[in-house]
Structures are given as C-alpha cells and as structure tokens.
Amino acid sequence: MASARYGVKVASLCHRALAWTLRLLRGSVCVRSTHAFVFSGCTHGKADSVLETFDLYADTQPSLCISPQTGEALDEAVRRVRPSRVLELGMHCGYSSVRMLRLLPSAGRLVTVELDPLTAELGEEIILVAGFKHSQVLTSSSAEAIPSLHSFLQLHQGTSEGLNLVLMDHDPEQYLPDLLALEKEQLLCPSGCSVLLIYRNQRDGDRREVLGHIGARPDRYSVKSELQCVTEIFYQRKSTS
C-alpha cells in the first residue's frame, strides 16, 4: 500500500517537472520570436512604437505579454501612483517594463527580476531599444532577489523609503510568499505601495490564497480593484505613535 502511494507521488512529481520543462521551452520559443518581430519592426528609440509592434505581434501569434486591456489598467496605476521606485517580477520580453518606464517620473527607477536568462537578456535589449537606460534587470528567482534589493534600490531599513509600486507577473504560486518577503524585508513603502497581481488563466486558488491573507490583515492591506486578469492591492503601515 505504501509503495503504491509512493509510486503515485513520484508520477505526480514527474508530471509536474515535465509540464514545467515544456512551459519553459514554449516560453523560450515565444520570447525569441517576439523579440525578433519587435526588434525588426519597431522604430528604435520610440516607446510607443515598441508597444504598438508588441500588440501587432500578439494579434496574430501566441504571446506571453499582457493584453492591451490589462496594459491600460497598469498605465492607470502608474499615472495615479507616480512611483519613484518600481519592482517588476517577471518580464516576458519587456512589454510591461516599457509600458511602465514611459510613464515614470524623470527620477523614477525600475528594477526587474526575471528567472530565465534568455528572457532577461532579450527583454533588457527591448528596454534599450525603446530608449530607456535607467532600469536594471536581475537574472534570478524572486526568492533570491528580494533580500538583496535594498542595495539595488538604495534603501535603508527602518526609514520611510520603499517601493511605491510592485508588478507581479511571474509564478502565481509565488505571489503570496514574495509579498510576505517584501514586507519582512521592509521593502514596501510604509506610507503606501500598490501591488498589481497578473493572473493568466490560473487556478482560482492562487488568487484566493492572496485575498485570504489580505482579508486577515485589514490593518495593512486592502483590495483596491479586481479585474478579470489583474488584482490591485494596497499596502500601508499605519504609524503606532
């Protein structure tokens, strides 16, 4: 009986590993073709041209980029928050990076964390093609990158500084652990930080897990908006003095 249960567990792990490998392979192919199309079809140095070329590609080919509708929600958040420090987890060839960079204040900074080296390399090139140099791409897992962000963002623990905007568009299973890690490391601006969570046909359980945590912490978190593919939550640490 025990051996049968063990066999089921092994089969399940093998299936998950195979599915993960296939997703990576499909993602690499998509990133290469997306990059080639945008690089050759856009006007270099023009962010709007880069975004329009991304959208043109997505009209006819499978794409991992966010939809124009989700992009508009992202634009609205950036314009409203006017962040000085932004963290992006997962970049999918640089589409969201360019959308945010074109709206940041002149002194605004974007740090992007991308696990896949190919995606990070090609995405960073698209950012440069769009004409932006004041951003940084870290090739790392989010769990490894978050504790090191103080130095990259020039933040000091225990101060009123921090991230004003966080975009999570990587692995939804990491959204809650990463949110907890950002709070633990005191990286979220205590006076207010908007966190946008992108969902791409994922299980409802991933979203419910995050919302459950938010609901249990009304002293620090609230849900600002819920759309089909994006949820915006707001973090604020109220003064105890």
Decide whether Ile233 and Leu89 are clustered together by the hydrophobic rule: side chain heavy atoms of Ile, Leu, Val, Met, Phe, Trp, Tyr closer than 4.5 Å, transitively.
yes

Measure the shortest side-chain to side-chain distance between Leu103 and Arg79 over non-hydrogen atoms and say whether it is less than 4.5 angstrom. yes

Scanning both residues in full, the closest heavy-atom pair of Ser194 with Phe234 reads OG-CD1, 3.8 Å

Between Glu114 and Gly90, the two heavy atoms sitting closest are OE1-CA, 3.5 Å

Here the pair of heavy atoms bringing Thr43 nearest to Ser49 is N-OG, 2.8 Å

Worksheet item: Would you say the side chain of Leu118 lies within less than 4.5 Å of the side chain of Arg32, judging by non-hydrogen atoms?
Response: yes

Would you say the side chain of His35 lies within less than 4.5 Å of the side chain of Ile126, judging by non-hydrogen atoms? yes

Exercise for the section: Report yes or no: do Leu153 and Val113 belong to one cluster of Ile/Leu/Val/Met/Phe/Trp/Tyr joined by side chain heavy-atom distances under 4.5 Å? Expected result: yes

Co-membership, hydrophobic cluster, residues Val195 and Leu227, 4.5 Å side-chain: yes

Exercise for the section: For the residue pair Ile66 and Cys229, establish whether any side-chain heavy-atom pair is separated by less than 4.5 Å. Expected result: no

Q. Below 6.0 angstrom between ring centroids: does that apply to Tyr95 and Tyr57?
A. no

Tell me, with the steps shown, if Gln61 and Ser33 meet side-chain hydrogen bond (donor to acceptor under 3.5 Å, both in side chains). CA-CA 9 Å; Gln61 301 293 332; Ser33 58; over 6 Å; no

Taking every heavy atom of Pro83 against every heavy atom of Leu165, the minimum-distance pair comes out as CB-CB, 4.0 Å

Q) Heavy atoms, side chains only, cut-off 4.5 Å: are Val166 and Leu182 in contact? A) yes

Hits for salt bridge (Lys or Arg N to Asp or Glu O under 4.0 Å) against Glu232, two or more places apart or cross-chain, chain-then-number order -> Arg80

>> Assess the residue pair Ser84 and Arg109 against the criterion (side-chain hydrogen bond (donor to acceptor under 3.5 Å, both in side chains)); give the C-alpha distance rounded to whole Å, side-chain angles, the decisive distance to 0.1 Å, and a yes or no.
In response: CA-CA 6 Å; Ser84 59; Arg109 289 197 58 195; over 6 Å; no

Those residues at least two apart in sequence (or on a different chain) that pass side-chain contact (heavy atoms from CB on, under 4.5 Å) with Ser135 are Leu101, Leu110, Ile127

Note: Arg102 and Ala47 closest approach over all heavy atoms is CB-CB, 4.1 Å

- Query: Is there a donor-acceptor contact under 3.5 Å from the side chain of His92 to the main chain of Asp169?
  - Reply: yes

Q.
Under a 3.5 Å distance rule, please check whether Asn164 uses its side chain to pair with a backbone N or O of Cys193 as donor and acceptor.
A. no

Classify the angle between the aromatic ring planes of Tyr175 and His170 as parallel (below 30°), tilted (30 to 60°) or perpendicular (above 60°). tilted

Test item: Thr53 and Lys46 side chains (from C-beta on) under 4.5 Å apart, heavy atoms
no

Exercise. With a 4.5 Å heavy-atom cut-off, do Phe37 and Thr60 have their side chains touching?
Worked result: no

Side-chain heavy atoms of Val31 within contact of Cys93, under 4.5 Å: yes

For this session: Check whether any side-chain N or O of Arg237 sits under 3.5 Å from a backbone N or O of Cys189 as a donor-acceptor pair, and report yes or no.
Result: no

Result for side-chain contact (heavy atoms from CB on, under 4.5 Å) between Phe132 and one of Val50, Leu104, Val98 points to Val98

Quiz prompt | side-chain contact (heavy atoms from CB on, under 4.5 Å) between Leu128 and Glu125, worked out | solution = CA-CA 5 Å; Leu128 293 172; Glu125 187 171 14; 5.6 Å; no

Closest non-hydrogen atoms of Glu226 and Val223, given as atom of the first, atom of the second and distance, are CG-CG1, 3.8 Å

Tabulate below the donor-acceptor pairs under 3.5 Å that side-chain atoms of residues 212-222 make, not counting sequence neighbours, or state none.
residue, atom, partner, partner atom, Å
Arg217, NH2, Glu183, OE2, 3.0
Arg220, NH1, Glu183, OE2, 3.0
Tyr221, OH, Glu183, OE1, 2.7

Is Leu180 linked to Leu167 within one hydrophobic cluster, defined over Ile, Leu, Val, Met, Phe, Trp and Tyr using a side-chain heavy-atom separation of less than 4.5 Å? yes

>> Do Val230 and Leu74 sit in one hydrophobic cluster, given that two such residues count as connected whenever their side-chain heavy atoms are within less than 4.5 Å of each other, even indirectly?
In response: yes

